[in-house]
Protein chains: 2
Amino acid sequence: MNDRRMEILDAAEALVRERGAGHLTLDAVAARVGYSKGGLIHRFPNKVALIEAMIDRVIDEVDSEHRALRAETDGRANADLLAVIERERRMPEADADLRRGLLVAAAEQPDLLARPRAYIAERFRAVREQADDPVWATLLLFAAEAPGLFELMGLYELPADERRALFDRLAALAAGNADDEEAEA
Amino acid sequence: MNDRRMEILDAAEALVRERGAGHLTLDAVAARVGYSKGGLIHRFPNKVALIEAMIDRVIDEVDSEHRALRAETDGRANADLLAVIERERRMPEADADLRRGLLVAAAEQPDLLARPRAYIAERFRAVREQADDPVWATLLLFAAEAPGLFELMGLYELPADERRALFDRLAALAAGNADDEEAEA
DNA sequence: TCGGTCAAACCGACCAGTCGGTCGGAATTA
DNA sequence: TAATTCCGACCGACTGGTCGGTTTGACCGA
């Protein structure tokens, strides 16, 4: 039952990863998972439902990663920001392929972005709420998110060493002293 | 001659803006510009050529905006970074719609992203090269780019006042003191 | 001024392929 | 035996691209 659905989602993810969102067709998914199209439709009534399920699964995974990291930073100042930075630092490129595909697929059906949008808004809200200096926290948050976004769109990839240096700096800034970095300003 | 091509590009842009990249079909463009499909193909041999031309035009426009701002910051430290920040601060949302559409269209044909990718890489390289502290400059650069990227993907929109506050801070940090903000670290 | 010529510009019916979704029925399971 | 699961041929809509033909207008010789 749910196993079957998971198999289908696995196949769909693999397709998006390997061939891009444009090749995510019901026939291709069915062929890959060893189903017929009819069988596929039996589990997901239509393509939108399939994409929704894929997005839900990705978000659930991201969320659980975040919670795990968040548990480690609990109690410290800017706990959420630190967790976000750490998660972005570790994000494997393979995931970027998948997420890009999903976003491309979702871009045609903007309502599919509702869940990711809500998730991101909530995350950002929490970061700002925790911060002594919300503007500074937002700045660090955005700086931490940007590399992943650029990779997501296939527009830019920071060299590995500079990437590391950037996240080291971000982590230090977010950890040590949340609101006096630009005291000279 | 070129006027006609521009008319066609205008129509294609309007379509992407209003209805999304998924509705960018040759028939739709032809109908909008008052051409037949044959006449359209006479100007752009195929759809990829059309999208390429659209991307080229957008990049040219972005580049000229950047050059104009860059002229104002010339001579100052981190001149390119300051210009980027200022351009991002002013970017109208209308442009985001178009660029998102183009990116979605291009995502299916990754080679179409070659020009934007090269342009971005060059811009970032310049910013880092100018900086006394490249990591810090990269951090500010990414923080400045992220809001536009989130809008581009339709994933998040910073409230106007916080957006303003963020860019004010960014401009101040990039201008005043390029490498001692985190002296305490 | 006028008729003719030719290339560029443009037309639109048509083709071939793709894709989401349907449906009647077969197989499997409880 | 009844319900669930699955099959796969088929349909209809859409789209990128083709192609034979028509229109337009600049140029030319008489």
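Chain naming here is simple, since letters A, B, ... match the order of the sequence lines and numbering starts at 1 in each. Small disclaimer: the values here were computed from a predicted structure and weren't measured.
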**Message:** Ignoring hydrogens, what is the shortest heavy-atom contact between A/L170 and B/L139? Give both atom names and the distance.
**Reply:** CD2-CD1, 3.7 Å
**Request:** Over all heavy atoms of both residues, which pair between A/V127 and A/A137 is shortest? Give the atoms and the distance, please.
**Result:** CG1-CB, 4.2 Å
**Asked** In residues 10-21 of chain A, which ones come under 4.0 Å of DNA chain D, going by heavy atoms?
**Response** none
**Request:** Name the orientation class of the two ring planes belonging to B/F150 and A/F142 (parallel below 30°, tilted from 30 to 60°, perpendicular beyond 60°).
**Result:** tilted
**Asked** Taking OP1 and OP2 of D/dC6, is either one under 4.0 Å from a side-chain nitrogen or oxygen of A/R4?
**Response** yes
**Asked** Would you say a side-chain N or O of A/H42 is under 4.0 Å from OP1 or OP2 of D/dT5?
**Response** yes
**Request:** Round to a whole Å and report the spacing from CD1 of A/I8 to P of D/dT5.
**Result:** 12 Å
Quick one: do [X] and [Y] make a salt bridge, cutoff under 4.0 Å?
X	Y	answer
A/R32	A/E18	yes
A/R169	B/D133	yes
A/D63	A/R67	yes
A/R164	A/D168	no

**Asked** Along nucleotides 11-30 of chain C, 5' to 3', which nucleotides get a B, which get an S, and which get a -, given that the test is a protein heavy-atom distance under 4.0 Å?
**Response** BB------SBB---------
**Prompt:** Does some side-chain heavy atom of A/R57 sit less than 4.5 Å from a side-chain heavy atom of A/E61?
**Reply:** no
**Positive for salt bridge (charged side-chain N to carboxylate O under 4.0 Å, His left out) with A/E65, one of A/R89, A/R87, A/R90** = A/R87
Write out a two-atom table: protein N or O, nucleotide N or O from nucleotides 5-7 of chain C, distance below 3.5 Å.
none

**Prompt:** Are more than 12 heavy atoms from other residues, nucleotides or ligands located less than 6.0 Å from atom CZ of A/R19?
**Reply:** no
